[in-house]
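Below is one structure, written out as structure tokens; comments come after it.
We use all heavy atoms of the structure for the numbers below, so side chains are in, but hydrogens, waters and symmetry mates are not. Every chain is numbered from 1 and lettered A, B, ... according to where its sequence line falls, protein lines coming before strand lines. This one's a predicted model, so the numbers in the text were calculated from it and none came from an experiment.
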2 protein chains.
Amino acid sequence: MKNLETDAERLIVQEVAPRDGLQIEPTWVATEDKIALIDQLSGLGFSRIEAGSFVSPRAIPALRDGAEVFTRIARKPGVTYVALIPNLKGAQRAMLAGADELNLVMSASQAHNRANMRMSCEQSLAAFAEVVTLVQGARLLGTAVTLNGTVATAFGCPFEGKIAEERVLSLVEQYRQMGMQGITLADTTGMANPRQVAALVKRVLAIVPASMLTLHFHNTRGLGLTNVLAAYEAGARRFDASLGGLGGCPFAPGASGNVCTEDLVNLCHETGIATGIDLPALIKVSRTLPALLGHQVPSQVAKAGLASELHPMPCQELAA
Amino acid sequence: MKNLETDAERLIVQEVAPRDGLQIEPTWVATEDKIALIDQLSGLGFSRIEAGSFVSPRAIPALRDGAEVFTRIARKPGVTYVALIPNLKGAQRAMLAGADELNLVMSASQAHNRANMRMSCEQSLAAFAEVVTLVQGARLLGTAVTLNGTVATAFGCPFEGKIAEERVLSLVEQYRQMGMQGITLADTTGMANPRQVAALVKRVLAIVPASMLTLHFHNTRGLGLTNVLAAYEAGARRFDASLGGLGGCPFAPGASGNVCTEDLVNLCHETGIATGIDLPALIKVSRTLPALLGHQVPSQVAKAGLASELHPMPCQELAA
């Protein structure tokens with residue numbers, strides 16, 4: 001296991017709770033609270049925060065205030081604020097609101113893309129090309145916005161099952177040729193396993209550098225952190241994670257959601273992998289989530305505390 | 001990652017829910033239900049089941065029916081039924097009840113041993129020597145009972161903090177010299193991390209063969225399966241796990257307990273590591289636990305189902 005605290009070994013966490021975490025919450029989180037959450041997170045060492053989306057308010061009412069959130073957050077220098085966008089109109093709105101990066105999503109699986117985006121993969125790619133043109137034009141005018149392309153269901157589709165590595169590699173290559181600055185492989189419904197992850201990441205890193213690649217895992221079947229470690233060992237360095245483990249999968253009621261940020265950062269720090277994130281402060285923020293959302297969250301470390309926090313001896317205990 | 005389905009690569013799961021899982025449950029589980037649970041488990045491919053304990057009924061009232069459980073379960077040939085015992089009296093009771101193996105526990109940490117066993121580590125070792133004498137005498141009379149020694153808090157103590165590797169190695173060596181047939185390293189309160197696990201397992205396997213060594217991890221801070229994989233990669237082959245993830249840690253209210261059996265078996269099967277366990281049937285048994293215990297359990301796979309179980313396409317979904 002690599003453990004040198006050099007830049008090359010550093011693990012970069014992109015915090016996605018404000019977008020991927022909040023989008024499925026049934027309770028409305030006030031715009032003020034979203035902004036406060038993002039501003040707290042930007043003070044803890046994150047270099048990348050997915051702060052909202054510019055999807056139709058009918059599709060995702062929980063994030064209908066994306067424009068207001070982006071315009072009112074306290075921009076911290078060095079932090080990239082990312083917006084999920086579904087199409088050209090969303091891209092225009094996100095750029096007007098000041099998003100630093102646009103994240104475009106399509107699924108490797110046709111069936112999932114139809115269910116999720118209501119179009120074929122080919123239609124999604126055509127729509128991406130329009131956004132690329134928009135962004136290239138904006139760059140000529142001096143705007144520094146970047147593009148990230150996400151391959152959802154890259155490790156399996158709940159409708160189609162296994163996804164061929166060649167299918168994912170083909171999409172990665174198409175994203176690269178389109179000029180995307182970043183590419184995310186997402187295990188949208190938590191179907192990945194560490195052996196599969198190691199194999200696919202090695203093949204993708206033969207096409208794109210580690211600085212371009214983000215892995216997005218869900219902990220649906222308890223394998224989130226094993227997949228992160230496998231990807232890290234295979235050379236990946238950027239990972240999405242969600243404060244408190246917010247987020248989820250519509251096919252697994254009660255199951256865990258995205259990989260939990262504080263659990264991931266704890267794993268890193270315990271094994272000597274630097275993240276630059278203030279973990280004790282992060283845990284404090286996570287512990288405010290149950291009051292904000294009205295339910296417990298899947299985070300383990302927020303409940304258990306750090307292993308380094310010792311306890312007084314009790315009167316009685318019996319465990320092995 | 002090793003993946004050949006040979007005996008040498010097979011991962012052996014010892015199911016500990018009937019003992020380590022049930023011992024902290026506030027709800028009384030009827031003797032009939034305990035027996036039914038154990039008999040269901042023995043039909044699913046487990047070669048080892050920790051079926052109960054012979055601790056003082058005042059200390060652990062939930063397991064006060066250990067003798068009745070052991071005498072009434074339907075013994076399946078090839079299955080080793082293990083009893084946790086605290087002392088000579090417990091050993092005598094367990095042997096009379098027909099336990100195949102006695103599991104003796106002491107902590108690497110003096111503070112934890114005093115809290116847990118109410119004696120010093122030296123006193124625990126002296127008590128173990130009495131049990132060894134008892135068992136050796138019984139063997140001369142034709143009884144085939146075996147002994148397993150557990151080192152609790154082997155990866156960290158909630159009172160003392162880090163535990164030196166030399167301390168654990170010294171106890172392993174003392175267990176071996178006493179003639180124990182098996183040795184378990186337990187991460188009693190979920191303080192281990194995969195780098196630490198790999199390092200310690202490698203050193204222990206230089207003293208004892210993999211066939212003698214069991215690893216017992218808790219998922220308190222979400223690292224249970226990462227620790228299993230690290231130990232497996234380092235050469236360990238036997239692991240404790242608890243159906244539904246039952247069990248827990250008194251210092252982490254709401255946190256996960258033992259590594260969950262079905263989550264572990266799913267990890268193995270998804271990555272090509274054979275266990276010999278019928279996973280779909282195991283999940284069905286796990287799904288009976290909430291009704292038995294009156295609360296949800298931490299298992300992920302029991303909630304999410306297997307990744308290979310596909311879903312019909314929904315009308316609407318939006319996730320990445």
Side-chain angles (χ1 to χ4, degrees), chain A residues 1 3 20 23 55 59-60 84 105 111 114-116 150 152 156 158-161 186 188 190-191 193-195 198 216 219-223 225-226 229 249-256 260 263 266-267 270-272 296 300-301 303-305 307-308 310-314 316-320, chain B residues 1 3 20 23 55 59-60 84 105 111 114-116 150 152 156 158-161 186 188 190-191 193-195 198 216 219-223 225-226 229 249-256 260 263 266-267 270-272 296 300-301 303-305 307-308 310-314 316-320:
Chain A
M1 189 163 295
N3 66 337
D20 204 12
Q23 75 173 14
V55 175
I60 307 190
L84 180 80
V105 179
R114 284 197 185 279
N116 200 24
T150 291
F159 315 126
E160 293 186 2
T188 309
M191 294 173 70
N193 71 68
R195 191 164 64 129
H216 175 108
N219 198 36
T220 317
R221 293 172 176 88
L223 301 187
L225 292 181
T226 67
L229 266 189
C249 166
F251 308 109
S256 287
C260 169
D263 292 358
N266 175 63
L267 166 61
E270 289 287 311
T271 54
Q296 291 299 310
Q300 294 294 320
V301 169
K303 296 190 190 81
S308 55
L310 301 187
H311 295 259
M313 272 182 64
Q316 190 193 340
E317 178 212 351
L318 234 158
Chain B
M1 188 165 293
N3 64 339
D20 204 11
Q23 73 173 14
V55 175
I60 306 191
L84 180 80
V105 179
R114 285 196 184 280
N116 200 24
T150 291
F159 316 127
E160 291 186 4
T188 309
M191 295 172 70
N193 71 69
R195 190 164 66 130
H216 175 108
N219 199 35
T220 318
R221 292 172 177 86
L223 302 187
L225 292 181
T226 67
L229 267 190
C249 166
F251 308 110
S256 287
C260 169
D263 291 359
N266 176 63
L267 166 62
E270 289 287 312
T271 53
Q296 291 300 310
Q300 294 295 319
V301 169
K303 295 189 191 82
S308 55
L310 301 188
H311 296 260
M313 273 183 64
Q316 189 192 343
E317 179 211 347
L318 234 158

Residue among E270(A), Q300(A), R114(A) with most heavy-atom pairs under 4.5 Å to chain B: Q300(A)
Minimum heavy-atom distance Q23(A)-I60(A), with the two atoms named: OE1-CD1, 3.5 Å
Q296(A) versus chain B, the contacting section by heavy-atom distance below 4.5 Å: neither
Smallest separation among heavy atoms of A186(A) and T150(A), with atom names: CB-CG2, 3.9 Å
For chain B, the option from N266(A), L223(A), D263(A) that forms the most heavy-atom pairs under 4.5 Å: L223(A)
For chain B, the option from G161(A), C260(A), S308(A) that forms the most heavy-atom pairs under 4.5 Å: G161(A)
H216(A) side chain near D20(A) side chain, heavy-atom distance below 4.5 Å: yes
Heavy-atom side-chain contact between L229(B) and P194(B) under 4.5 Å: no
